[in-house]
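Everything below concerns the one structure shown next.
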Amino acid sequence: MSGEINGTKVLIKKNGSTIVGQMEATVTFNGTPIDISNKSTNDWVTLLDGELAGKQLQISGTLVYNNDTVYRAVRADALTGTQDTYTIEFTSDAATDEAFSASFVPNGLSDALPMGDKVTTSITFLSSGVVTHTAAV
């Protein structure tokens with residue numbers, strides 16, 4: 001398939017520094033369509049065009065547990081609910097590269113400690129405020 005993005009080239013950065021240990025990520029755009037239905041639509045639902053309420057970007061991922069400074073800072077932010085500037089970058093080539101940047105709070109910190117295998121941390125980043133999108137060219 002031409003133009004696909006290799007998932008191993010998705011980076012999450014905290015204040016411009018890459019979070020070491022990234023394995024995988026899922027990006028979810030949240031937003032609720034606004035219902036503007038009224039009696040004139042005869043029971044048909046009508047949604048406001050071009051508008052969403054409750055917009056938010058969520059990034060969920062699993063990282064390999066490690067002692068990197070940025071990784072440790074993310075864990076500390078998750079434990080205290082501290083917001084900071086995070087960016088997610090899809091880096092494949094100029095035709096598919098894009099990025100999202102915003103103030104995020106790390107949430108839902110969960111460590112998996114399997115016997116005889118690598119320790120991993122699952123975490124979700126919840127945006128707060130406006131999300132800046134840099135589109136592919």
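- Contact annotation: the side chain of Pro33 approaches that of Leu52 to within less than 4.5 Å [non-hydrogen atoms, C-beta and beyond].
- Put simply, the side chain of Leu57 reaches to within 4.5 Å of the side chain of Val27, judged on heavy atoms.
- Annotation for Val20 and Asn66: closest pair O-ND2, 3.0 Å, computed over non-hydrogen atoms.
- The CD atom of Gln83 sits 9.5 Å away from the CG atom of Leu126 when rounded to the nearest 0.5 Å.
- Within the 6.0 Å centre-distance limit, the rings of Phe29 and Phe100 are counted as a close aromatic pair.
- Contact record, Phe104 with Pro106: O-CD, 4.0 Å, taken as the closest heavy-atom pair.
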### Query
So Asp77 and Lys14, side chain to side chain contact (heavy atoms under 4.5 Å, CB included) or not? Walk me through it.
CA-CA 11 Å; Asp77 286 353; Lys14 174 181 167 64; 2.6 Å; yes
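- Other residues, nucleotides and ligands contribute more than 12 heavy atoms inside 6.0 Å of the CG atom of Asp117.
- Taken from OH in Tyr86 to CD1 in Ile88, the straight-line distance is 13.0 Å, to the nearest 0.5 Å.
- Considering only heavy atoms from C-beta on, Leu109 comes within 4.5 Å of Thr121 through its side chain.
- Between Gln56 and Ser127, the shortest heavy-atom distance links the atoms NE2-O, 3.0 Å.
- Proximity of Arg75 to Asp111: side-chain heavy atoms (C-beta onward) are separated by under 4.5 Å at one or more points.
- In this structure, Thr41 OG1 and Asp43 CG are separated by 7.0 Å, a value rounded to the nearest 0.5 Å.
- Put simply, the side chain of Val74 reaches to within 4.5 Å of the side chain of Phe125, judged on heavy atoms.
- A distance of 9.0 Å separates CD1 in Ile12 from OG in Ser60, rounded to the nearest 0.5 Å.
- Taken to the nearest 0.5 Å, the CG atom of Asp35 stands 6.0 Å off from the CG atom of Leu47.
- Both Ile123 and Val70 belong to a single network of hydrophobic side chains, linked directly or stepwise wherever heavy atoms of I, L, V, M, F, W or Y lie under 4.5 Å apart.
- Looking only at distances, no side-chain donor or acceptor of Thr85 sits under 3.5 Å from a matching main-chain atom of Asn15.
- In the hydrophobic clustering, Leu48 connects to Ile34, Ile36, either directly or through intervening members, whenever side-chain heavy atoms lie under 4.5 Å apart.
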### side chain to side chain contact (heavy atoms under 4.5 Å, CB included) between Glu98 and Thr134, intermediate numbers included
CA-CA 5 Å; Glu98 64 179 312; Thr134 305; 5.9 Å; no
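- The same ILVMFWY cluster, assembled from side-chain heavy atoms under 4.5 Å apart, contains both Leu79 and Leu63.
- Rounded to the nearest 0.5 angstrom, Ile19 CD1 and Asp68 CG are separated by 9.0 Å.
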